[in-house]
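Here's the structure, in structure tokens; my notes come after.
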Amino acid sequence: MQQQKLGPHMAVAVEGIDLATATADTQAALVDALHDNLVLCVRGQKLPPVAFRDAMARFGVPVKRLQLASTPECDEVNIISSEDRDELGDGKKLVNGASWHTDDSFMREPCSLTMLYGVMVPSRGGDTQFTNMYAAYEALAPEMKARIDGLQVVHKYQSSRQTNRVSRRPESEMKAMPEATHPLVRTHPETGRKALYLNANRMEQIVGMERAESDALLDQLIAHAIEPRFQYRHVWRQGDVVIWDNRCTMHKANADYPEGERRLMHRVVVAGTAPV
Ligand code: OGA
Ligand code: MN
């Protein structure tokens with residue numbers, strides 16, 4: 001398997017593989033590459049929705065997400081598009097994932113992996129940025145590691161600290177999304193490594209800490225984690241399937257492509273377990 005490092009400390013690309021027909025050995029090598037590099041880009045895929053879902057099912061159990069539209073062909077394949085609007089809210093354009101986040105952290109069992117497939121990519125812009133949360137944790141001063149050890153954070157779909165709008169959801173759906181409490185430092189269940197677990201858009205407050213102090217500490221940790229030295233920026237090519245591990249990365253969308261150009265992504269997430 002031909003691998004090409006994309007960033008100095010994270011992200012790898014592979015070419016010459018069809019995800020729909022990869023052998024068991026190739027599949028195992030892809031999973032290893034993902035664990036070692038946190039972000040895996042498989043170039044040149046041609047996957048209609050059902051085939052995309054089935055290929056992703058080899059990495060985990062695909063789960064439905066109601067917060068995003070789905071393709072008519074397959075419920076588990078969501079759509080991220082330049083045409084996205086806040087349908088139940090103000091009807092205006094909505095950029096999903098415009099601030100630094102990890103997927104589903106408002107849920108008690110957030111997805112482990114997200115797979116995004118570049119169906120239509122703009123001529124320029126629309127990159128996805130990633131940050132390495134193992135490296136961000138490891139680079140903390142020993143005093144900070146000691147301070148945050150054991151702290152828990154409340155995450156919410158609609159956090160009062162949110163930095164970008166999220167789509168308005170029906171009342172019934174909101175009720176089915178109670179807030180979740182997660183550790184600030186989590187241990188990856190497969191690699192055993194520790195990572196900071198932050199979400200600029202969903203974290204509400206550190207449990208048992210006064211609001212002002214909690215805000216200051218969360219702001220400080222986010223600012224640290226998104227320093228350029230921990231980042232990789234993915235420039236999309238049509239046919240890329242980019243798989244990232246939400247347990248040790250954050251990511252961010254950029255809606256900076258030319259007005260009038262389309263960006264269409266298909267998206268699958270696979271089930272994860274409660275962070276510990
Ligand atoms: C997502 C997401 C970023 C992008 O699919 O979870 O945040 O660049 N996407 O579209
Ligand atoms: Mn996201």
Side-chain angles (χ1 to χ4, degrees), residues 38 63-69 78 80 84 86 88-90 94-114 116 128-134 136-137 148 151-188 195-226 230-231 244-255 267 269-276:
L38 291 59
V63 281
K64 290 184 201 176
R65 287 297 178 249
L66 299 173
Q67 295 80 25
L68 299 168
N78 288 121
I80 299 260
D84 287 337
D86 187 5
L88 300 176
D90 59 13
L94 189 87
V95 182
N96 281 297
S99 60
W100 286 101
H101 67 283
T102 175
D103 290 330
D104 290 353
S105 79
F106 56 92
M107 295 181 178
R108 293 181 180 177
E109 294 186 341
C111 61
S112 54
L113 310 177
T114 304
L116 207 58
T128 307
Q129 287 170 271
F130 295 91
T131 190
N132 181 335
M133 299 298 264
Y134 292 137
Y137 175 73
I148 64 176
L151 291 182
Q152 301 274 328
V153 185
V154 174
H155 294 240
K156 279 185 176 178
Y157 183 73
Q158 285 273 8
S159 148
S160 59
R161 284 174 46 86
Q162 80 180 27
T163 45
N164 71 279
R165 287 189 310 133
V166 297
S167 69
R168 189 182 169 134
R169 306 307 310 156
E171 204 50 40
S172 56
E173 216 181 282
M174 289 303 293
K175 284 215 185 78
M177 285 197 287
E179 51 190 49
T181 303
H182 298 307
L184 196 45
V185 179
R186 68 180 293 183
T187 303
H188 193 293
L196 269 176
Y197 192 58
L198 304 172
N199 185 333
N201 217 39
R202 311 281 191 193
M203 291 188 300
E204 186 65 24
Q205 191 164 354
I206 298 172
V207 176
M209 192 177 280
E210 186 243 322
R211 179 72 195 228
E213 190 186 351
S214 166
D215 280 344
L217 180 53
L218 293 176
D219 289 345
Q220 184 184 350
L221 290 170
I222 293 165
H224 166 80
I226 65 173
F230 304 126
Q231 286 189 37
W244 64 82
D245 191 331
N246 287 295
R247 300 165 294 189
C248 51
T249 58
M250 283 198 292
H251 60 280
K252 174 188 189 300
N254 290 282
R267 178 185 196 262
V269 295
V270 299
T273 49
V276 286

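The structure presented is a predicted model; accordingly, all values stated were derived computationally and were not measured.
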Self-check item: From CZ (R186) to OG1 (T102), nearest 0.5 Å
Solution: 7.0 Å
Quiz prompt | Minimum side-chain heavy-atom gap W244-D103 below 4.5 Å | solution = yes
Quiz item: Does the side chain to side chain donor-acceptor pair (under 3.5 Å) test come out yes or no for N246 and D104, once each step is laid out?
Solution: CA-CA 9 Å; N246 287 295; D104 290 353; over 6 Å; no
Quiz item: Where do M250 and I226 come nearest, in terms of heavy atoms and distance?
Solution: CE-CG2, 3.9 Å
Quiz item: Between S105 and A180, which heavy-atom pair has the shortest distance, and what is it?
Solution: O-CB, 4.1 Å
Quiz item: CG of L196 to CD1 of I148: how many Å apart, nearest 0.5 Å?
Solution: 5.0 Å
Exercise. Say whether, by atom type as modelled, one donor and one acceptor occur between the side chain of H251 and the main chain of T131 under 3.5 angstrom.
Key: no
Practice problem: Report yes if the side chains of C111 and R65 come closer than 4.5 Å at any heavy-atom pair, otherwise no. | Solution: yes
Quiz item: Looking at CG of L198 and CD1 of I222, how far apart are the two atoms once the value is rounded to the nearest 0.5 Å?
Solution: 6.0 Å
Quiz item: Which value, rounded to the nearest 0.5 Å, describes the distance between L38 atom CG and T249 atom OG1?
Solution: 6.5 Å
Exercise. Answer yes if the side chains of H182 and N199 hold a donor-acceptor pair under 3.5 Å, and no otherwise.
Key: no
Self-check item: Test side chain to side chain contact (heavy atoms under 4.5 Å, CB included) applied to A98 - qualifying residues, sequence neighbours left out
Solution: V95, N164
Exercise. Verify the distance criterion only: is there a donor paired with an acceptor across the side chains of D86 and S167 at less than 3.5 Å?
Key: no
Self-check item: Sub-4.5 Å side-chain heavy-atom contact between V207 and V154
Solution: yes
Exercise. Can you see which heavy atom on L68 is nearest to which on N78, and at what distance?
Key: O-ND2, 3.1 Å
Self-check item: Sub-4.5 Å side-chain heavy-atom contact between R247 and L113
Solution: yes
Quiz item: Is there a side-chain contact between P178 and R108 (heavy atoms, below 4.5 Å)?
Solution: yes
Exercise. State whether the number of non-hydrogen atoms from other residues, nucleotides or ligands found under 6.0 Å of R169 atom CZ is greater than 12.
Key: yes
Exercise. Could you pull out all residues at least two apart from Q158 that satisfy side chain to side chain contact (heavy atoms under 4.5 Å, CB included)?
Key: Q162, V166, M174
Quiz prompt | Where at least one partner belongs to residues 202-215, residue pairs that pass side chain to side chain donor-acceptor pair (under 3.5 Å), sequence neighbours excluded | solution = S159-E204, S160-E204, S160-R211, R161-D215, E204-R211, R211-D215
Quiz item: Between H101 and F106, is any pair of side-chain heavy atoms under 4.5 Å apart?
Solution: no
Exercise. To the nearest 0.5 angstrom, please state how far the CE atom of M133 sits from the NE2 atom of H188.
Key: 13.0 Å
Practice problem: Work out which heavy atom in P183 is nearest to a heavy atom in Y197; give both atom names and the distance. | Solution: O-CB, 3.6 Å
Self-check item: From OH (Y137) to OG1 (T187), nearest 0.5 Å
Solution: 8.5 Å
Quiz item: Do you know the tightest heavy-atom contact between A271 and S112?
Solution: O-OG, 3.2 Å
